[in-house]
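Here's the structure, in structure tokens; my notes come after.
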There are 2 protein chains.
Amino acid sequence: MPDALNPTRKRIIDAATKLFYAEGIGRVSVDAVAEKAGLTKRTLYYHFQSKDDLIAAYLDARDQPNLKQMAGWFESEEGGPDRKVQAIFSNLARVARHPKWKGCGFLRTAAELAAMPGHPAIKVGARHKANFESWLADEMANRGLLEPKTLAREIVLLMDGAFSTMLIHRNADYVEAAGHAAAVLIRSRVPPADAAN
Amino acid sequence: MPDALNPTRKRIIDAATKLFYAEGIGRVSVDAVAEKAGLTKRTLYYHFQSKDDLIAAYLDARDQPNLKQMAGWFESEEGGPDRKVQAIFSNLARVARHPKWKGCGFLRTAAELAAMPGHPAIKVGARHKANFESWLADEMANRGLLEPKTLAREIVLLMDGAFSTMLIHRNADYVEAAGHAAAVLIRSRVPPADAAN
DNA sequence: TCTTGTATACCGACTAGTGAATGTACACAA
DNA sequence: TTGTGTACATTCACTAGTCGGTATACAAGA
């Protein structure tokens, strides 16, 4: 049983990532992933139990890099939390304009697997989204904003809405509009200044 | 060439609607749709040029009923626009709790076809979403709210975010949270009372 | 006789997954 | 140094079935 850090396993996941994200999990055959990885399907099935297992592994491998990218955009922006969050949306709008952008891999996979709510890949996606929401809530709380959990959830809703809307309209204005709304909601949670101090 | 109101064509679309929504367009074969409609695949191909054509027809048939349902929920609720919009979200949360609920058919189809941005079904979906946004903007404007178009777009973003998030977490709390945020954004657009009148 | 609609039967390509054999690296013994 | 056992890793060839789409025939109504 090869471990999670096995280099061949990694090569397969890299190939799967490119193909699944570009074409969608249902439109990519296991043969195609194996060929992209430069090995045979039988070898792929040595490293993964099934296609479903491979799909879950593909999303699991995206979890941390994705969170790091969001956090990087947040931290790189100067200013208050409203500007920092809006910077995430602006960066998303920028990358979403690229023709290779095909939405959020987690959400698209959940949409493709909507008929199988217990699918392991959906659980991985749910955990990723929960991680992001939790990170966001912590950032909001650390900056003293009111109702940090509610606020984080609202931002998540706007962001996932931006992903979906962008996918159907292919118009990045929706992403910017979501960022603006998020900034407004954040500013509404700035605690009143205490003149006594 | 059969017309759009042809009863056989309607039977096929009804069958396609049930299957495509329940399983996803990629997981349903043309054979399965034909069988559900009680006819052969060859007959289906007499009425529709291709599976892609059938997918677009399926979404097109959902456009008006979907808008009418939203408008019905909006109109049935007593109170101001904030309460009326929140009622849409509450009704969505209610139906989304049903195990047969599988998200928004338009968004799910767009996610499945993300690799084909020009696909006719995506254009149909984009038009439907634009229709909804436009209706919402009119309702907001008719009630004298400020920035009705921006407001409508923000509500749409929250709603599509609710659809996506619900699909991955299967937790209707997200839909209610989106409804609450929408109500807050609406109230922030109530024009200041003019004491002089 | 021409048009509309339906059915049977089929095509070639592709699908996820597997059986059986082969190759390879390394440990350990002679 | 050489031989051998073993577990890991990989390949080829295959199964059994599904896919979207079509060639052909036929039946009924105008």
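Every chain is numbered from 1, with letters handed out A, B, ... down the list of sequences. Values in this document were obtained by computation on a predicted structure and should not be read as measured data. Computed from heavy atoms alone, side chains included, the values below leave out hydrogens, waters and symmetry copies.
By the 4.0 Å N-to-carboxylate-O rule, Glu133(A) lies close enough to Arg153(A) to be salt-bridged with it. Under a 4.0 Å N-O distance rule, the pair Glu139(A)/Arg143(A) qualifies as a salt bridge.
With a 4.5 Å cut-off on side-chain heavy atoms, Asp53(A) and Ser50(A) count as touching.
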Please list each protein N or O that sits under 3.5 Å from an N or O in nucleotides 23-26 of chain D, with the distance.
{"residue": "dA23(D)", "atom": "N6", "partner": "Arg42(B)", "partner atom": "NE", "Å": "3.2"}

Could you go over nucleotides 11-15 of chain C and give all protein N or O partners under 3.5 Å, atom names and distances?
{"residue": "dT15(C)", "atom": "OP2", "partner": "Ser29(A)", "partner atom": "OG", "Å": "3.4"}

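Phosphate contact (OP1/OP2 of dT4(C), side-chain N/O of His47(B), threshold under 4.0 Å): absent. Residue Thr43(A) places no side-chain N or O under 4.0 Å from the OP1 or OP2 atom of dA9(D). For the pair Thr8(A) and dT10(D), the criterion of a side-chain N or O lying under 4.0 Å from OP1 or OP2 is met.
Looking at the side chain of Tyr46(A), the nearest of the listed nucleotides dA7(C), dC12(D), dA9(D) is dA9(D). Comparing dT22(D), dA7(C), dT11(D) against the side chain of Tyr45(B) picks out dT22(D) as the nearest.
Sorted by first then second residue, the ring pair (Phe, Tyr, Trp, His ring centres under 6.0 Å) pairs that include residues 51-99 of chain B, not counting sequence neighbours, are Phe20(B)-Tyr58(B), Phe74(B)-Trp135(B).
Here the CD1-CE distance, from Ile155(A) to Met140(A), works out to 5.0 Å after rounding to the nearest 0.5 Å. Here the straight-line distance linking atom NZ of Lys36(B) with atom CG of Leu44(B) works out to 14.5 Å at 0.5 Å rounding.
Rounded to whole Å, atom P of dG20(D) lies 16 Å from atom CD of Gln49(B). The interatomic distance linking Ile55(B) (CD1) with dC19(D) (P) rounds to 13 Å, in whole Å. Rounded to whole Å, atom P of dT4(C) lies 19 Å from atom CG of Leu39(B). Look at CG on Leu44(B): it is 19 Å from P on dA9(C), rounded to the nearest Å. In this entry the distance linking CD of Glu35(A) with P of dT10(D) reads 17 Å, nearest Å.
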Extract all donor-acceptor atom pairs below 3.5 Å that involve side chains of residues 121-128 of chain A and protein atoms in other chains or at least two apart in sequence.
{"residue": "Arg127(A)", "atom": "NH2", "partner": "Asp60(A)", "partner atom": "OD1", "Å": "2.6"}
{"residue": "His128(A)", "atom": "ND1", "partner": "Asp63(A)", "partner atom": "OD1", "Å": "2.7"}

Taking only distance into account, with no hydrogens and no angle test, what donor-acceptor pairs under 3.5 Å do side-chain atoms of residues 25-34 of chain A form with protein atoms, sequence neighbours excluded?
{"residue": "Ser29(A)", "atom": "OG", "partner": "Ala32(A)", "partner atom": "N", "Å": "3.0"}
{"residue": "Asp31(A)", "atom": "OD2", "partner": "Lys41(A)", "partner atom": "NZ", "Å": "3.2"}

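Taking five base pairs at each end of the helix from dT1(C)-dA30(D) to dA30(C)-dT1(D) and finding the rotation axis that steps the C1' atoms of four pairs onto the next four gives two axes whose angle is 20°, to the nearest 10°.
At a threshold of 4.5 Å between side-chain heavy atoms, the hydrophobic network of Ile, Leu, Val, Met, Phe, Trp and Tyr places Met116(B) and Leu54(B) in one connected group.
For the pair Arg108(A) and Phe163(A), the cation does not sit on the ring face, since its NZ or CZ is not both under 6.0 Å from the ring centre and inside 45° of the axis.
At distances below 3.5 Å, not a single donor-acceptor pair connects side-chain atoms of Tyr174(B) with backbone N or O atoms of Leu157(A).
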